[in-house]
Q: 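So that we are looking at the same thing, I have put the structure below in structure tokens.
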Number of protein chains: 2
Amino acid sequence: MDTSSVLDLNQLRRSCASCALHELCLPAGIDGEDLKRLDATIRDKRTLDRGEALFRQGGQFHALYVVRSGSLRTFVEDASGNAQVLGFHLPGELVGVDALANDHHASQAEALERSSICELPYEHLNHLLAQMPSLQRQLMRVVSREVAAEHQHMVVMGRQPAQERMAIFLRSLSDRFARLHRDGSTLNLSMSRYDIASYLGLAVETVSRLFTRMEEAGILEVSRKAVTILRPDLLEAMCSSPRTGSKKGDAL
Amino acid sequence: MDTSSVLDLNQLRRSCASCALHELCLPAGIDGEDLKRLDATIRDKRTLDRGEALFRQGGQFHALYVVRSGSLRTFVEDASGNAQVLGFHLPGELVGVDALANDHHASQAEALERSSICELPYEHLNHLLAQMPSLQRQLMRVVSREVAAEHQHMVVMGRQPAQERMAIFLRSLSDRFARLHRDGSTLNLSMSRYDIASYLGLAVETVSRLFTRMEEAGILEVSRKAVTILRPDLLEAMCSSPRTGSKKGDAL
DNA sequence: CCCCGGCCTTGACCGAGGTCAATCCGGTTC
DNA sequence: GAACCGGATTGACCTCGGTCAAGGCCGGGG
């Protein structure tokens with residue numbers, strides 16, 4: 001059954017025009033002849049199995065990528081092999097931007113589940129950008145969105161205690177699922193606890209404990225990789241530490 | 001004497017061609033007629049005093065900026081007024097990219113000392129990009145550099161203990177000074193201890209203690225805002241925690 | 001000149017969360 | 001179905017660095 005659904009996906013991927021992500025992705029705001037040309041430069045040969053690498057740290061840069069289905073994690077490994085997860089990437093999201101600066105990848109990207117990827121060879125893309133101001137604009141907008149998201153994550157890493165980090169992480173995932181017209185309250189965490197811990201700058205044990213605590217509090221239902229948000233209101237409240245914020249009326 | 005030197009700077013700022021930052025900045029790799037056109041779109045009216053804002057969080061976006069002299073800090077403020085410093089920006093560095101995504105600034109930028117700024121009105125810039133593929137390429141490269149730097153900082157925030165954070169911070173500053181053909185070993189820290197602490201995700205007290213400890217260790221000479229790196233080798237060694245790294249020969 | 005107010009430093013204390021270690025659970029192999 | 005293995009959970013302990021509190025330093029204004 002898996003094979004057939006994958007085949008379907010590949011067949012669906014014929015044009016950006018017919019893609020469900022159209023409005024969230026690079027083609028947003030582009031149509032007609034221009035869209036056809038963008039379409040023509042996209043190579044969709046990439047399908048990745050769980051754990052397979054899209055590109056490796058230090059590897060030669062030659063394309064940008066957009067997740068079409070599934071999910072990726074990007075991370076860097078330092079000299080001694082410790083990994084730091086930089087982000088998780090859902091359909092419609094762009095990866096590989098950090099490689100343009102000096103023509104080789106500063107990070108690596110791996111599939112968290114069977115995923116399909118749109119590949120945008122950079123030389124082709126450049127020609128297109130020269131001819132399509134609207135695409136140029138949209139590309140900058142997408143990159144800017146990425147930068148803004150990373151800024152948000154720095155706030156999390158800089159100031160927030162563990163519990164707030166988890167809450168913000170889950171809320172962000174939920175929001176992104178919703179944007180994809182999926183159910184924002186039943187999350188399928190394709191990444192491991194280790195990945196989450198690394199991404200949030202915490203120990204795996206802490207992540208695990210927080211899941212349990214939030215389940216006990218009736219906010220989540222956690223079963224392995226399947227997480228259901230039962231009380232979005234409480235989750236939201238948990239995103240900002242009670243310490244900062246309100247001046248009076250702190251329950252505690 | 002201050003007034004005259006500022007006037008000089010403003011007079012120097014006539015063209016990108018004559019700018020000392022030429023090769024580090026947007027115009028890198030661009031010359032002849034194209035450079036003139038880029039020049040024409042840059043408005044250099046901006047001179048900021050210490051503490052003055054370049055743009056405010058939530059403000060309407062209309063331009064990108066490049067630091068010409070002096071330095072900036074960018075930061076976000078959450079609902080309760082706590083600030084998280086996102087970065088410090090030296091001459092030749094681009095700020096304001098996170099605002100393109102939805103047309104208003106997601107962060108704010110303030111001068112750390114008297115600074116002059118090149119302003120690139122986005123509408124003009126866009127016209128230019130449509131006509132100058134080389135500028136388009138260079139802009140993406142500069143943005144990519146910024147993204148890569150932020151990834152590096154996430155590694156710091158995610159895994160590193162306090163001492164390593166400080167060491168990496170100082171090394172990074174030193175490197176950037178050197179790139180500007182300044183002396184990389186005599187740093188002038190235009191930002192406050194509070195800014196450093198926020199940027200590194202530490203308490204001010206910790207930053208202060210680390211300065212003292214590194215001075216006692218003979219690595220630095222610290223006097224208020226003036227920091228001299230006496231032993232770059234030791235500073236470098238301090239950048240990676242001894243815990244990770246080597247497999248044998250760990251003292252302790 | 002002295003006082004005042006930021007900024008910075010130093011010391012003493014303490015708690016959130018990291019580390020270590022044991023166990024559990026679900027999936028895979030034979 | 002027994003053995004195995006990697007990921008996840010749980011508990012006990014301890015450390016790093018945050019918090020609180022008390023000066024010190026320097027620069028600016030009266």
Side-chain angles (χ1 to χ4, degrees), chain A residues 2 50-51 73 82-85 110 112-113 156-167 169 187-217 220-227 238 241-244 252, chain B residues 2 49-51 73 82-85 110 112-113 156-169 188-217 220-227 238 241-244 250 252:
Chain A
D2 209 27
R50 177 168 209 275
R73 67 194 249 260
N82 310 37
Q84 168 67 40
V85 172
E110 257 185 36
L112 288 166
E113 59 195 310
V156 171
M157 301 283 266
R159 292 265 129 246
Q160 303 299 330
Q163 180 168 285
E164 281 73 2
R165 295 190 192 197
M166 274 292 289
F169 167 66
L187 309 179
N188 181 13
L189 303 185
S190 55
M191 69 295 289
S192 74
R193 301 289 194 258
Y194 286 87
D195 290 331
I196 299 175
S198 168
Y199 177 63
L200 296 178
L202 301 172
V204 209
E205 292 91 333
T206 307
V207 170
S208 189
R209 279 187 254 268
L210 285 170
F211 270 127
T212 334
R213 215 185 296 164
M214 288 168 90
E215 189 164 30
E216 283 167 359
L220 303 178
E221 188 172 288
V222 184
S223 161
R224 206 105 180 112
K225 307 220 161 249
V227 170
M238 202 175 262
S241 21
R243 185 152 312 298
T244 69
L252 152 64
Chain B
D2 209 25
D49 280 327
R50 178 166 210 274
R73 67 196 249 259
N82 311 38
Q84 168 68 40
V85 172
E110 258 185 37
L112 289 166
E113 58 195 310
V156 171
M157 301 283 266
R159 292 266 127 245
Q160 304 298 331
Q163 181 168 285
E164 282 72 2
R165 295 188 193 198
M166 273 292 288
I168 292 169
F169 167 67
N188 182 14
L189 304 185
S190 55
M191 70 293 291
S192 76
R193 302 289 196 256
Y194 286 85
D195 290 330
I196 299 175
S198 168
Y199 177 64
L200 296 177
L202 301 172
V204 209
E205 293 90 332
T206 307
V207 170
S208 188
R209 278 188 255 267
L210 285 170
F211 271 127
T212 330
R213 216 186 296 164
M214 289 167 89
E215 188 164 29
E216 283 167 0
L220 303 179
E221 187 173 290
V222 184
S223 161
R224 206 102 178 112
K225 307 221 162 250
V227 170
M238 203 174 261
S241 20
R243 186 151 311 297
T244 70
D250 261 326
L252 161 67

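Predicted model, so just to flag it, every value in this text is computed and none were measured. In what follows, chains are A, B, ... by sequence order, proteins preceding strands, each numbered from 1.
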Q: For a quick check of understanding: with a heavy-atom distance under 4.0 Å over all strands, which category does A:S192 fall into, base, sugar-phosphate or nothing?
A: sugar-phosphate
Q: So which atom in A:A203 and which in A:A197 form the shortest heavy-atom distance, rounded to 0.1 Å?
A: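 Of all heavy-atom pairs spanning A:A203 and A:A197, the closest is C-CB, 3.8 Å.
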Q: Return the value, rounded to whole Å, for the distance between atom CD of B:Q160 and atom C1' of C:dG18.
A: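 Rounding to the nearest Å, CD of B:Q160 and C1' of C:dG18 are 15 Å apart.
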Q: When all nucleic acid strands are considered with a 4.0 Å heavy-atom cut-off, which category describes B:F211: base, sugar-phosphate, or nothing?
A: nothing
Q: Of all the choices, D:dG17, D:dA8, D:dG18, which nucleotide is nearest to the side chain of A:S208 once you look at every atom?
A: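 Nucleotide nearest to A:S208's side chain: D:dA8.
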Q: Can you measure B:I196 atom CD1 to C:dC7 atom P for me and round it to whole angstrom units?
A: 13 Å
Q: For the pair A:E110 and A:R73, find out whether any cationic side-chain nitrogen is under 4.0 Å from an anionic carboxylate oxygen.
A: yes
Q: Take the protein atom CG of B:D195 and the nucleotide atom C1' of C:dC8, then report the distance between them rounded to whole Å.
A: 13 Å
Q: Is the NZ or CZ atom of A:R193 positioned over A:F211's six-membered ring, under 6.0 angstrom from the centre and within 45° of the axis?
A: yes
Q: May I ask you to verify whether the side chain of A:E205 and the base of C:dC20 hold a donor-acceptor pair under 3.5 Å?
A: yes
Q: Return no unless some side-chain N or O of B:K225 is found under 4.0 Å from OP1 or OP2 of C:dC8.
A: yes
Q: For B:E215 and C:dT10, give me the distance from atom CD to atom P, rounded to whole Å.
A: 9 Å
Q: Rounded to whole Å, please give me the gap between CG in B:L112 and P in C:dC7.
A: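 Whole-Å distance recorded here is 13 Å.
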Q: Start at the 5' end of DNA chain C and walk down; is the nucleotide closest to A:G201 or to B:R224 reached first?
A: B:R224
Q: Kindly indicate whether the side chain of A:R209 and the base of C:dT19 share any N or O donor-acceptor pair separated by less than 3.5 Å?
A: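 For A:R209, whose side chain was compared with the base of C:dT19, there is a donor-acceptor pair (under 3.5 Å).
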Q: Let's see if you can work this out: which of D:dT19, D:dA8, C:dG18 has an atom nearest to the side-chain heavy atoms of A:Y194?
A: D:dA8
Q: Stepwise, does the side chain to side chain contact (heavy atoms under 4.5 Å, CB included) test hold for B:F169 with B:L210?
A: CA-CA 12 Å; B:F169 167 67; B:L210 285 170; over 6 Å; no
Q: Quick check on D:dT10: is either OP1 or OP2 less than 4.0 Å from any side-chain nitrogen or oxygen of A:T212?
A: yes
